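None of these values were measured; they are calculated from a predicted model. Note: hydrogens, waters and symmetry copies are ignored here, and every other heavy atom, side chains too, is used.
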Amino acid sequence: MNASNRHSFRSRPRTVDIAAVLVLAAIIGYVGYAMLWLPSRPLDVSHTQYAIRTGDKFTHRQIDDAIGVMLDRKHHDWHGCRMDRIRYDEAWSNEQLRLEHQMTIDSPGSSSSMSDAIDTYGMDRVVIFQSDFQCPTGGDGSFGTDEQTGWTDTYAYAPSSPKAAHGWVFIDSGY
């Protein structure tokens, strides 16, 4: 075997070794991204659409503050999820609150966190937001991977409350 054959014999395995290490690094990087980063990344609000219809109850600024408080709360809890849309329609919110409160009046012994908030803070200080979101790679698994629509978040405006963040107190969330 001459010197040039020996040289090509040695350089060939090094090229294969380097390629194998690069492929292995790419696989490990992808698995780390898919298995570690995606499920644990903060709530993605980069493409969230907002539909806000205020009336006389709250200013647009107050509703913006409430949405900020709501997103801060979800930011810590909804890892791996994407918020697609947030809606506040004052007329819809007021009607839902009225119906919920009336239900507890008509059914003695029943209760609801929304009705309790109305009793505590007043009907004119409670709001309901609706949101659509998806948790394709994260969350606590209870939402599944399909898009969720109509999720509600209820807040009360109580700036003097020690529980308030930017004036808003979390009451409840769910369907």
Side-chain angles (χ1 to χ4, degrees), residues 36-175:
L36 298 174
W37 167 246
L38 287 179
S40 65
R41 76 174 190 260
L43 174 67
D44 179 6
V45 295
S46 62
H47 296 92
T48 304
Q49 297 175 351
Y50 301 90
I52 310 299
R53 292 179 61 193
T54 60
D56 298 331
K57 195 171 178 178
F58 295 103
T59 66
H60 206 294
R61 172 65 185 196
Q62 289 170 315
I63 294 300
D64 285 347
D65 286 346
I67 290 172
V69 170
M70 179 176 65
L71 289 175
D72 284 348
R73 187 170 181 279
K74 291 179 185 315
H75 184 77
H76 297 292
D77 298 336
W78 289 23
H79 296 283
C81 297
R82 180 188 73 229
M83 182 64 66
D84 297 320
R85 185 176 173 137
I86 296 174
R87 294 180 300 282
Y88 173 71
D89 181 325
E90 187 171 295
W92 179 89
S93 174
N94 288 343
E95 181 63 10
Q96 297 306 307
L97 291 167
R98 186 189 68 73
L99 291 171
E100 185 78 12
H101 195 55
Q102 189 62 49
M103 182 269 309
T104 60
I105 292 169
D106 293 344
S107 303
S110 66
S111 67
S112 87
S113 56
M114 285 186 239
S115 187
D116 291 345
I118 292 166
D119 291 340
T120 302
Y121 301 104
M123 178 77 85
D124 62 334
R125 295 189 164 265
V126 182
V127 298
I128 303 174
F129 294 93
Q130 289 182 293
S131 57
D132 305 336
F133 61 92
Q134 190 168 10
C135 297
T137 59
D140 64 4
S142 63
F143 296 124
T145 58
D146 295 332
E147 183 177 21
Q148 306 295 312
T149 59
W151 181 266
T152 62
D153 289 278
T154 306
Y155 282 82
Y157 187 65
S160 61
S161 171
K163 297 178 184 177
H166 298 282
W168 292 92
V169 176
F170 171 74
I171 302 301
D172 201 358
S173 64
Y175 285 110

Plane angle bin for Trp168 and Phe58 - parallel if under 30°, tilted between 30 and 60°, otherwise perpendicular: tilted

Asp84/Glu147 under side chain to side chain contact (heavy atoms under 4.5 Å, CB included): CA gap, chis, key distance, verdict: CA-CA 9 Å; Asp84 297 320; Glu147 183 177 21; 3.4 Å; yes

Nearest-0.5 Å distance, CH2 of residue Trp151 to OG of residue Ser131: 8.0 Å

Residue pair Tyr175 / Gln148, side-chain donor-acceptor N/O under 3.5 Å: yes

Exercise: identify the closest heavy-atom pair between Ile128 and Ser93: N-OG, 2.9 Å

Separation between OG of Ser115 and CZ of Arg98, rounded to the nearest 0.5 Å: 12.5 Å

Parallel, tilted or perpendicular: ring planes of Tyr155 versus Phe129, cut at 30 and 60 degrees: perpendicular

Close side-chain approach of His101 to Asp119, heavy-atom, < 4.5 Å: yes

Close side-chain approach of Ile86 to Leu71, heavy-atom, < 4.5 Å: yes

Sub-4.5 Å side-chain heavy-atom contact between Arg53 and Trp92: no

Side chain to side chain, Tyr121 and Val169, heavy atoms closer than 4.5 Å: yes

Main-chain N/O of Gln134 paired to Arg82 side chain as donor or acceptor, under 3.5 Å: no

Between Glu90 and Thr54, a side-chain donor and acceptor under 3.5 Å: no

Check: Thr120 side chain, Asp116 main-chain N or O, donor-acceptor pair, under 3.5 Å: yes

Separation of Thr48 OG1 from Ile67 CD1 (nearest 0.5 Å): 10.0 Å

Nearest-0.5 Å distance that lies between atom CZ in Arg73 and atom CG in Leu43: 12.5 Å

Heavy-atom pair of closest approach, residues Lys57 and Met123: NZ-O, 3.0 Å

Leu97 side chain reached by Glu95 side chain, heavy atoms, under 4.5 Å: no

Audit row: Ser112, Glu100, side chain to side chain donor-acceptor pair (under 3.5 Å) steps and yes/no: CA-CA 8 Å; Ser112 87; Glu100 185 78 12; 2.9 Å; yes

Euclidean distance, Asp132 CG relative to Met83 CE, rounded to 0.5 Å: 8.5 Å

Evaluation steps, side chain to side chain contact (heavy atoms under 4.5 Å, CB included), between Met103 and Ser110: CA-CA 8 Å; Met103 182 269 309; Ser110 66; 4.1 Å; yes

Arg85 charged N/C atom sitting above Tyr50 aromatic ring, 6.0 Å / 45°: no

Arg87 and Asp89: CA distance, side-chain angles, deciding distance, salt bridge (Lys or Arg N to Asp or Glu O under 4.0 Å) verdict: CA-CA 6 Å; Arg87 294 180 300 282; Asp89 181 325; over 6 Å; no

Closest non-hydrogen atom pair, Ala164 against Ala158: CB-O, 3.3 Å

Salt bridge (Lys or Arg N to Asp or Glu O under 4.0 Å) pairs, two or more places apart, involving residues 153-175: Lys74-Asp153

Other residues, nucleotides, ligands: >12 heavy atoms within 6.0 Å of Asp56 CG: no

Any side-chain heavy-atom pair of Val127 and Tyr88 under 4.5 Å: yes

